[in-house]
Amino acid sequence: MSSENPAPNHFIRQIVMDDLDSGKHASIATRFPPEPNGYLHIGHAKSICLNFGLAQEFGGRCNLRFDDTNPAKEEQEYVDAIKEDVTWLGFHWAELRHASDYFELFHRCALRLIQDGAAYVCDLNAEEVRAYRGTLTEPGRPSPYRDRTIAENLDLFARMRAGEFDDGARTLRAKIDMSSGNINLRDPALYRIRKVAHQNTGDAWCIYPMYDYAHALSDAFEGITHSLCTLEFEDHRPLYDWCLDRLPVWAMPELADELARLELKPGRSRQIEFSRLNLDFLVMSKRKLLALVTDGLVSGWDDARMPTLRGIRRRGYTPEALRNFVRNAGVTKQQSVLEYSLLENEVRNDLDVRAERRLAVIDPLRLTITNLPADHDELLTLSNHPKDESCGTRQVGFSSQLVIEREDFMEVPPKGFHRLVPGGEVRLRSVGIVKCEEVIKDDAGNVIELRCTLDLTSRPGGTGSDRKIKGTIHWVSTRHAMQAEVRLYDRLFTVADPDDDHDGKSYRDYLNPLSVRTVTAFLEGSLKAVEPESRFQFERLGYFVADRLDHRADRPVFNRICTLRDSYAKAK
RNA sequence: UGGGAGAUCGUCCAACGGUAGGACAACGGACUCUGACUCCGUUUAUCUAGGUUCGAAUCCUAGUCUCCCAGCCA
C-alpha cells in the first residue's frame with residue numbers, strides 16, 4: 001500500500017497547535033462549507049484535506065456544512081454529489097449540517113440586531129444601493145432609511161418575513177460605516193427577500209440571510225474554532241468579527257431552546273485565510289467548468305478530463321495520490337499555480353506501488369514467430385508486480401501469433417533506438433529474444449507484419465536467458481487476447497494558463513483537440529473479468545483504469561490514467 | 001486617488017537574527033527482462049534601495065510589482 005507521510009507544518013497548523021498549547025481550545029472544530037451549486041473540483045480538495053485533516057490530526061471534529069442560503073442557485077443533486085465526493089476522498093464528517101438548519105436562529109439574531117440599533121430595514125433597490133455605496137476610492141452615503149426607529153424596523157422586518165413585499169423591494173442591512181475603506185462594511189445587506197422555495201425548508205421562508213452573516217453565525221453555532229477559507233474573504237473578516245461581536249450567540253438566552261433542539265454547542269470562531277490551489281493547464285472556475293459541460297465540449301461533470309473530483313476519479317486518479325498532492329503543496333497565503341506534473345507524479349508514485357502489471361498493445365503490429373509451430377499454445381506464469389511478490393502471479397497465453405506496439409519497430413532507426421529493427425534482436429517481455437528476419441509490407445509499402453525467430457535458449461530459465469540485449473518490448477498473443485476500448489487522455493488545454501484572455505482569446509481557444517483518443521486495443525485475457533475502477537499498469541504504456549461507468553465484462557473499457565515517465569520520448 | 005493581502009530556485013514549500021534546504025521539473029550518469037521503478041550527481045532563488053546588527057530571507061524605512069474588493073452571489 002502507498003504510504004502517506006506525516007503532515008508537514010504550515011501556518012494554520014501552527015496556529016492550531018498554539019491554541020491547543022495555550023489552552024485557548026481544549027479541542028478544535030473545523031468545517032468544510034461548500035455551496036451546493038456545483039460539483040467539487042481539485043481546488044476544493046485542498047480545503048477538504050485541510051479542514052478534515054487538521055481535525056483528524058488533532059483529535060478534533062470537522063463538519064460538512066452546506067452553505068445553502070441562496071435557494072435560487074442550489075440543488076439537492078449537488079448536495080448528494082458533494083457528499084459522495086468527500087467520502088471518496090477518504091473523509092468522514094462529524095456532523096452533516098446545512099446553514100438552512102439555522103434559519104430560525106438567524107432570524108432571532110436579526111431581531112436582536114434590530115433591537116440593538118445595529119440593523120435597519122432599507123427600502124432602496126439594488127441599483128440605488130449601488131449608487132449610495134460609493135466606489136473603491138469614494139466613500140458611500142447613508143441610506144435615507146438608515147435612521148428608522150427600532151419599532152419601525154421591527155415592524156418592517158416582520159412584514160418582510162410575512163411576505164408583504166416583493167423580491168428586492170427591501171433588505172435588512174447592518175448599520176456599520178458607509179465611509180469605511182472596506183466596502184464590506186458599508187452597511188452590508190444581511191437579509192434579502194426571495195420568494196423562492198428552498199430545497200430544504202420549502203416555503204417556510206421568503207427572506208434569506210446573506211453569506212457573511214450566515215457563515216459567521218453558523219460557525220459560532222457549531223462551535224467551530226478555526227474557520228478556514230480562501231484569500232478573497234480576507235476583507236470580509238472584519239464583518240465576520242462584527243457579527244460575532246454583536247451577536248455572542250453562546251450567551252444569548254433567546255437562542256437557548258433552539259440551540260438545544262439542534263444539539264449545538266456554540267462558541268466563538270476565528271476566520272483564517274489561505275490561498276487557493278491552482279493548477280496549470282486547467283480552468284477551475286465553476287462558470288467555465290459548467291460551460292464546458294453545457295456546450296458539450298466534454299461529456300459531463302464526470303468526464304475523465306475534467307478537474308472535478310468526479311472527473312479525476314473517473315480518470316483513475318486515487319484519493320491517496322490527491323491527498324499526497326495536496327499535502328505536498330503546502331498551505332500559505334501566497335497566490336500560486338502548481339505544476340500539473342506534481343499531481344501526476346503523486347499518481348505514478350501511488351500506482352507504481354500498488355498497481356498490478358499487465359500486457360496490452362494499443363497500436364498493434366503483427367509479429368509471427370516462425371520457429372514455433374503455428375498451433376503453439378502455452379500458458380506463461382508472469383509475476384503481477386516486479387517489486388511485490390505478495391501480488392502473486394497470473395497466467396498469460398502465448399503463441400506464435402503476436403502483436404507488438406507499432407512504435408517498437410523501425411525500419412530506419414535513429415541512433416539510440418533500443419527496440420526491433422530489421423535483422424535486429426529484442427527481448428519479448430517474459431518470453432525471450434526474437435530476431436526480425438523478414439518485414440512484410442502491403443502494396444502501399446506499409447509494414448504489416450514482422451516474421452521473427454525466437455532464440456529458444458533465451459527463454460526464462462534457459463541457458464541463454466541472461467544474454468544482454470538492449471531492449472525489452474511488450475506483446476500480446478492474438479489468440480489469447482481480448483479487445484477493448486481504450487481511451488487515451490491528454491491535457492484538456494494546450495497552454496499553461498487557459499484563463500489568460502489577452503489578445504481577445506478565451507480558454508475555448510486553447511482546448512486541446514487531442515485531449516481524448518479512443519482506440520481498440522489488444523489486452524491480455526486476464527483483464528477480462530476485472531471490476532470497474534480497478535487499476536493496472538499496462539507495461540511500458542502507463543497506468544489504466546477500468547472505466548467506472550462504462551466498463552462491462554462483455555464490453556470492456558479502459559481509461560489511460562497517465563503515461564509512464566518516458567525518458568526516451570523526451571530525448572527525441 | 002480607497003481598503004486588504006503577498007513577494008525565496010523554472011514550480012511549490014522550508015529556513016521563526018546564526019552555513020538559504022526539500023519536493024517536483026531540467027540536465028548528466030548507474031542499474032534494468034518495463035527507455036518504468038530505484039540510485040548517484042549537476043544547474044538554478046531571497047523584488048529594489050537604504051538602514052539596524054559581529055551577523056538580515058528574517059528587524060526598520062522608502063519604493064516596485066502581483067493578487068483580491070464597488071452582488072439583494074458564496
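Hydrogens, waters and symmetry mates are skipped; everything else that's a heavy atom, side chains included, is used. Reminder, nothing fancy here: chain letters follow the sequence lines and each chain counts from 1.
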Interatomic distance where NZ belongs to K470(A) and C1' belongs to A36(B) [whole Å]: 19 Å
Checking N1-N3 plus N6-O4 or O6-N4 for Watson-Crick, or N1-O2 and O6-N3 for wobble, each under 3.5 Å, the partner of C67(B) is G4(B)
Mind checking L342(A) for me? I need base, sugar-phosphate or nothing, with any heavy atom below 4.0 Å counting as a touch. sugar-phosphate
From the options A70(B), C33(B), G3(B), select the nucleotide whose nearest atom is closest to the side chain of D235(A). G3(B)
Scan A329(A) against the nucleic acid and name what it touches under 4.0 Å (heavy atoms): base, sugar-phosphate only, or nothing. sugar-phosphate
Under 3.5 Å for both donor-acceptor distances, Watson-Crick or wobble: does C59(B) have a partner, and if so which one? G51(B)
Parallel, tilted or perpendicular for Y102(A) and F106(A), by the 30°/60° rule? perpendicular
May I ask you to say what F417(A) touches in the nucleic acid, namely base, sugar-phosphate or nothing, with a heavy-atom cut-off under 4.0 Å? base
Candidate nucleotides G35(B), C73(B), G71(B), ranked by approach to the side chain of R130(A) - the nearest: G71(B)
Contact summary for E344(A) and C562(A), nearest pair of heavy atoms: OE2-CB, 3.7 Å
Phosphate oxygens OP1/OP2 of C73(B): is one of them under 4.0 Å from a side-chain N or O of R194(A)? yes
With nearest nucleotides of RNA chain B determined for L338(A) and P34(A) from heavy-atom distances, which residue corresponds to the more 5′ nucleotide? L338(A)
When we call it a touch if two heavy atoms are under 4.0 Å apart, what does E234(A) touch: a base, just sugar-phosphate, or nothing? sugar-phosphate
Any strand counts, and the cut-off is 3.5 Å on both contacts for Watson-Crick or G-U wobble. Which nucleotide pairs with C27(B)? G41(B)
Would you indicate which nucleotide in C72(B), U8(B), U1(B) comes nearest to any side-chain atom of T137(A)? U1(B)
How many Å lie between CD1 on I82(A) and C1' on A74(B), as a whole number? 12 Å
May I ask you to say what T69(A) touches in the nucleic acid, namely base, sugar-phosphate or nothing, with a heavy-atom cut-off under 4.0 Å? sugar-phosphate
Hey, is G71(B) sitting syn or anti, using the within-90° cutoff around 0? syn
Side chain of S567(A) - closest among U34(B), C12(B), A36(B): A36(B)
For residues S180(A) and N182(A), is any side-chain donor paired with an opposing acceptor at under 3.5 Å? no
Are the ring of H215(A) and the base ring of A74(B) both nearer than 5.5 Å at their centres and tilted by less than 30°? no
Are OP1 or OP2 of A74(B) and a side-chain N or O of R65(A) less than 4.0 angstrom apart? no
Report which part of the nucleic acid K468(A) touches: base, sugar-phosphate, or nothing (heavy-atom distance under 4.0 Å, all strands). sugar-phosphate
Of residues 176-191 of chain A, the positions that come close to RNA chain B - non-hydrogen atoms, cut-off under 4.0 Å: G181(A), N182(A), I183(A), A189(A)
C13(B), A74(B), U34(B): which one has an atom nearest the side-chain heavy atoms of T472(A)? U34(B)
Hey, does S336(A) reach any base, or is it just sugar-phosphate, or nothing, if we go heavy atoms under 4.0 Å? sugar-phosphate
On the ring face of F165(A), is R170(A) found with NZ or CZ under 6.0 Å from the centre and within 45° of the axis? yes
If you go through the side-chain atoms of E339(A), does one of them form a donor-acceptor pair with the base of G10(B) closer than 3.5 Å? yes
Scan R133(A) against the nucleic acid and name what it touches under 4.0 Å (heavy atoms): base, sugar-phosphate only, or nothing. sugar-phosphate
Between E35(A) and N70(A), is there a side-chain donor-acceptor contact under 3.5 Å, judged purely by atom types and distance? no
Shortest side-chain distance from R357(A), nucleotide among U34(B), C12(B), A74(B): U34(B)
Ring centres within less than 5.5 Å and planes less than 30° apart: is that true of Y568(A) and G35(B) in this structure? yes
Quick one: are the ring centres of F233(A) and Y211(A) less than 6.0 Å apart? yes
When we call it a touch if two heavy atoms are under 4.0 Å apart, what does P460(A) touch: a base, just sugar-phosphate, or nothing? base
Is the base of U34(B) touched by the side chain of Q537(A) through a donor-acceptor pair closer than 3.5 angstrom? yes
The answer to which of E138(A) and R565(A) contacts RNA chain B further toward the 5' end, by nearest nucleotide, is E138(A)
Partners passing salt bridge (charged side-chain N to carboxylate O under 4.0 Å, His left out) against R535(A) (at least two apart in sequence or in another chain): none
Where does the angle between the aromatic ring planes of F544(A) and F538(A) fall among parallel (under 30°), tilted (30 to 60°) and perpendicular (over 60°)? parallel
Give the ring-plane orientation class for Y208(A) versus H198(A), where under 30° counts as parallel, over 60° as perpendicular and anything between as tilted. parallel
State which of A26(B), C72(B), U34(B) makes the closest approach to the side chain of L564(A). U34(B)
Could you tell me whether the side chain of R419(A) has a donor or acceptor atom within less than 3.5 Å of a complementary atom in the base of G35(B)? yes
Which part of the nucleic acid, if any, lies within contact of G416(A), taking any heavy atom under 4.0 Å across all strands shown: a base, the sugar-phosphate backbone alone, or nothing? base
Residue K333(A), side-chain atoms from C-beta onward, closest of G35(B), C33(B), A5(B): A5(B)
